Amino acid sequence: AKLKSMLPNWDHAISPDMMRILHNFLLGVNESMFEDFKVRFKTAGSDWGFNRYSPLVKEMLNTLLENIMQCDISGTENLVDALNDLRENRMERLVIVSNHLSYGDANIIAAAFDKYLKNAGMEGNLSVIAGPKVYTDPFRKFSSLHFNALLIAQSLAVATPEAIMPVREIARATKKVVEDIKKYVKIFLVFPEGSRSRNGEMKFFLPGVLRLIDTGDNVGVLPVSTLGGNVMLPIGESKLYPADIKITIGAVQKVENVKRIYSGTNSSKQEIMNHFGRMVAQIHPENMRGFYGK
């Protein structure tokens with residue numbers, strides 16, 4: 001009842017069967033966990049940078065997604081190797097880059113990767129770059145508490161009217177996120193296209209994202225192809241549907257190694273981001289590679 005009072009259209013977001021599953025889950029939740037959630041829900045998105053996840057939302061959405069998505073995931077050995085390198089300090093930070101089809105993509109990846117993070121002793125360490133639009137809708141705001149969120153102002157190149165901000169504020173937001181990444185974050189997920197693809201094809205990776213990725217001397221980039229999020233949570237809808245999800249994970253490449261390849265070019269930022277885009281495209285369906293299908 002308390003949750004429904006905060007999310008008044010909750011009944012329309014999921015099926016009655018899923019509602020029963022969540023009802024049974026909530027019966028076992030202690031009051032302190034719910035009180036912690038209320039505080040985090042109230043303050044989420046109030047300032048740029050790092051926002052810590054809610055254990056209640058994490059467990060709740062993992063339970064829901066386990067029942068609503070059929071997940072086919074391949075290349076997990078690449079994720080395990082990367083997490084081992086991170087745990088053994090052979091890597092300073094791991095950046096996951098993926099294509100973007102739905103607001104549900106981050107939740108899909110968070111749920112699918114959760115057991116691997118637990119096995120590596122890194123449960124609760126996943127952060128996700130999020131734009132201001134995430135916090136304009138109660139359900140998207142709720143979903144952002146599934147993981148640690150890094151709130152950043154969207155680039156003017158991809159911002160919709162409600163997300164447009166002065167250039168100075170965009171710069172301040174970016175600076176705060178970069179500082180918080182260096183201070184708090186070991187693993188984060190970013191969608192370098194900057195917005196969801198409407199036709200399913202990949203768009204070019206924004207050059208400004210490199211500032212978020214290049215935050216240390218020993219940072220690895222893990223490419224991920226994610227399919228099915230637009231079926232589970234279609235653009236323009238707030239209802240979740242059962243979906244077949246396919247995730248493919250590629251091999252890590254070190255940022256420093258990629259930078260050396262393009263150090264002599266006139267547009268090195270875009271060339272480096274295009275390199276990361278091609279890493280995702282190589283494990284993505286050929287007919288959906290879009291900009292990187294050339």
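All figures in this text were calculated on a predicted structure; none of them were measured in a lab.
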Nearest atoms (heavy-atom pairs only) where L94 meets L86
N-CD1, 4.0 Å
Going through the checks in order, is the ring pair (Phe, Tyr, Trp, His ring centres under 6.0 Å) test met by F205 and Y292?
CA-CA 10 Å; F205 280 14; Y292 296 107; 5.7 Å; yes
Hphob cluster co-occupancy, Y53 + V190, side-chain heavy atoms under 4.5 angstrom
no
Using the rule that two of Ile, Leu, Val, Met, Phe, Trp, Tyr join whenever any of their side-chain heavy atoms come within less than 4.5 Å, decide whether L227 and V231 are in one cluster.
no
Could you walk me through whether F276 and V209 pass the side-chain contact (heavy atoms from CB on, under 4.5 Å) test, one step at a time?
CA-CA 11 Å; F276 297 144; V209 177; over 6 Å; no
Expected output: side-chain N148 to main-chain G124 donor-acceptor under 3.5 Å:
yes
Any donor-acceptor pair under 3.5 Å linking the side chain of S268 with the backbone of S263?
no
Between D214 and L210 (side chain of the first, backbone of the second, donor and acceptor by atom type, cut-off under 3.5 Å), is there such a pair?
no
Salt-bridge criterion met for K58 and E123 (N-O under 4.0 Å):
yes
Considering all heavy atoms, the nearest I152-I129 contact
CG2-CG2, 3.5 Å
Taking N107 for the side chain and S143 for the main chain, is one N or O donor matched with an acceptor at less than 3.5 Å?
yes
Testing the basics here: between P207 and K269, what is the closest heavy-atom pair and its distance to 0.1 Å?
CB-CB, 4.1 Å
Please determine whether residues L126 and Y116 belong to a single hydrophobic cluster, defined as Ile, Leu, Val, Met, Phe, Trp and Tyr linked transitively by side-chain heavy-atom distances below 4.5 Å.
yes
Do V221 and I213 have side-chain heavy atoms sitting under 4.5 Å apart?
yes
Polar side chain donor-acceptor pair, S197 to N199, under 3.5 angstrom:
yes
Check: L101 main-chain N/O paired with N230 side-chain donor or acceptor under 3.5 Å
no
Residue pair N218 / E256, side-chain heavy-atom distance below 4.5 Å:
no
Apply side-chain contact (heavy atoms from CB on, under 4.5 Å) to residues L189 and F191 and explain how you reach the verdict.
CA-CA 7 Å; L189 165 65; F191 300 104; 3.8 Å; yes
Compute the centroid of each ring, for F34 and then for F37, and state whether the two points are separated by less than 6.0 Å.
yes
Check the side chains of K203 and S195 for a donor-acceptor pair under 3.5 angstrom, ignoring hydrogens and angles.
yes
Distance-minimising heavy-atom pair for I245 and G229:
CD1-N, 4.0 Å
Going through the checks in order, is the side-chain contact (heavy atoms from CB on, under 4.5 Å) test met by F188 and I181?
CA-CA 8 Å; F188 74 88; I181 287 173; 3.9 Å; yes
D105 side chain to S102 backbone, donor-acceptor under 3.5 Å
yes
Where do K186 and M122 land on the side-chain contact (heavy atoms from CB on, under 4.5 Å) test, with the steps shown first?
CA-CA 9 Å; K186 297 292 286 183; M122 297 180 184; over 6 Å; no
Can you check salt bridge (Lys or Arg N to Asp or Glu O under 4.0 Å) on R40 and D36, steps first, answer last?
CA-CA 6 Å; R40 298 197 185 283; D36 172 81; 3.2 Å; yes
Out of curiosity, L65 CG to C71 SG, how far, rounded to the nearest 0.5 Å?
9.5 Å
Where L206 and M273 come nearest, the two heavy atoms and their spacing
O-CG, 3.5 Å
Do the side chains of V280 and F291 join up, straight or via other hydrophobic residues, at under 4.5 Å, putting them in one cluster?
yes
Side-chain heavy atoms under 4.5 angstrom apart, residues restricted to Ile, Leu, Val, Met, Phe, Trp, Tyr: same cluster for F147 and V57?
yes
Rounded to the nearest 0.5 Å, the CD1 atom of I247 sits from the CD1 atom of I73 at a distance of 4.5 Å
Any chance CG of D217 has more than 12 other-residue heavy atoms, nucleotides or ligands included, within less than 6.0 Å?
no
Taking K115's backbone N and O only, do any of them form a donor-acceptor pair with N119's side chain (distance below 3.5 Å, no angle check)?
yes
Row check, Y103 ring normal vs R196 NZ/CZ: under 6.0 Å, within 45°:
yes
Is the shortest side-chain N to carboxylate O distance from E31 to K38 below 4.0 Å?
no
How about H275 and Y262: does a side-chain donor come under 3.5 Å of a side-chain acceptor?
yes
Output for pair (R90 CZ, R87 CZ), nearest 0.5 Å, gives 8.5 Å
State whether the side chain of E201 and the backbone N or O of R289 hold a donor-acceptor pair below 3.5 Å, judged by distance alone.
no
When rounded to the nearest 0.5 angstrom, what distance separates CG in N67 from CG in L22?
8.5 Å
With distance as the sole test, does N89 use its side chain to make a donor-acceptor pair with the main-chain N or O of D85 at under 3.5 Å?
no
Looking only at heavy atoms, what is the nearest atom pair of L83 and A120, with distance?
CB-CB, 3.9 Å
Interatomic distance, CD1@I249 vs CG@D81, rounded to 0.5 Å, equals 11.0 Å
Will you find, in the side chains of N30 and S32, an N or O donor that is under 3.5 Å from an N or O acceptor?
yes
For residues M18 and L64, determine if any side-chain heavy atom of one lies less than 4.5 Å from a side-chain heavy atom of the other.
yes
Are M232 and I68 packed together at the side-chain level, in the sense that at least one heavy-atom pair is separated by less than 4.5 angstrom?
yes
Using only heavy-atom distances, determine whether the side chains of N84 and E88 contain a donor-acceptor pair under 3.5 Å.
no
Answer yes if the side chains of R140 and S144 hold a donor-acceptor pair under 3.5 Å, and no otherwise.
no
Lys/Arg cation over aromatic F50: K183, 6.0 Å, 45° cone
no
Donor-acceptor pair, D180 side chain versus V177 backbone, under 3.5 Å?
no
Hey, mind stepping through T215 and R93 against side chain to side chain donor-acceptor pair (under 3.5 Å) and telling me if it holds?
CA-CA 8 Å; T215 51; R93 187 169 296 107; 2.9 Å; yes
Can you tell whether the side chains of K176 and E179 come within less than 4.0 Å, N to carboxylate O?
no
Got a sec: does the CD of Q70 have more than 12 other heavy atoms crowding it under 6.0 Å?
no
